[in-house]
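Below is one structure, written out as structure tokens; comments come after it.
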Amino acid sequence: MSALRRFPELELKIRRMIAADQTFRDMCEELAEAEAALSRVEQLPLPVREARKAEWQEITERLTREIDAALRGNQPPNMH
């Protein structure tokens with residue numbers, strides 16, 4: 001799981017939040033999807049490769065910041 005790889009010291013909290021908070025679970029799933037897309041970017045045609053790489057990197061960084069904020073309590077839970 002992407003969130004666990006990025007924040008191994010918060011494993012218990014991540015597992016609890018995934019179980020209890022749909023918004024947090026969605027962010028973690030989106031991060032995993034974005035990382036998977038980023039890992040496949042080199043397979044894209046050269047004309048679109050760099051743009052897609054930048055796009056997926058930005059999405060991955062944004063989701064990582066959002067997950068970090070949620071884990072640190074800087075974001076209200078259950079935003080849905």
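All values below come from the heavy atoms of this structure, side chains included, with hydrogens, waters and symmetry mates left out. All values derive from a computational prediction rather than experimental measurement.
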Counterpart residues, side-chain hydrogen bond (donor to acceptor under 3.5 Å, both in side chains), relative to Arg62 (two or more places apart): Glu66
Non-neighbouring partners of Arg25 that pass side-chain hydrogen bond (donor to acceptor under 3.5 Å, both in side chains), sequence neighbours left out: Gln22
Verdict with reasoning, Lys53 to Glu50, per salt bridge (Lys or Arg N to Asp or Glu O under 4.0 Å): CA-CA 5 Å; Lys53 183 175 182 177; Glu50 287 306 311; 5.0 Å; no
Residues in side-chain contact (heavy atoms from CB on, under 4.5 Å) contact with Pro45, at least two apart in sequence or another chain: Pro47, Val48
Under the salt bridge (Lys or Arg N to Asp or Glu O under 4.0 Å) test, residues paired with Arg16 that sit two or more places apart: none
Distance, nearest 0.5 Å, that separates CG of Asp26 from CG of Leu63: 10.5 Å
side-chain hydrogen bond (donor to acceptor under 3.5 Å, both in side chains) contacts touching residues 32-41 (sequence neighbours left out): Ser2-Glu35, Arg5-Glu35, Arg6-Glu35
Partner residues of Glu11 under the side-chain contact (heavy atoms from CB on, under 4.5 Å) criterion, sequence neighbours left out: Leu4, Arg15
Criterion side chain to side chain contact (heavy atoms under 4.5 Å, CB included) on Leu31 and Met1, from CA distance to verdict: CA-CA 9 Å; Leu31 177 60; Met1 174 183 312; over 6 Å; no
Nearest heavy atoms of Met17 and Leu71, plus distance in Å: SD-CD2, 3.7 Å
Leu38 side chain near Arg52 side chain, heavy-atom distance below 4.5 Å: no
Verdict with reasoning, Arg72 to Glu9, per salt bridge (Lys or Arg N to Asp or Glu O under 4.0 Å): CA-CA 12 Å; Arg72 311 256 181 236; Glu9 72 282 6; 3.8 Å; yes
Closest contact, heavy atoms only, Ile67 versus Ala3: CG2-CB, 4.4 Å
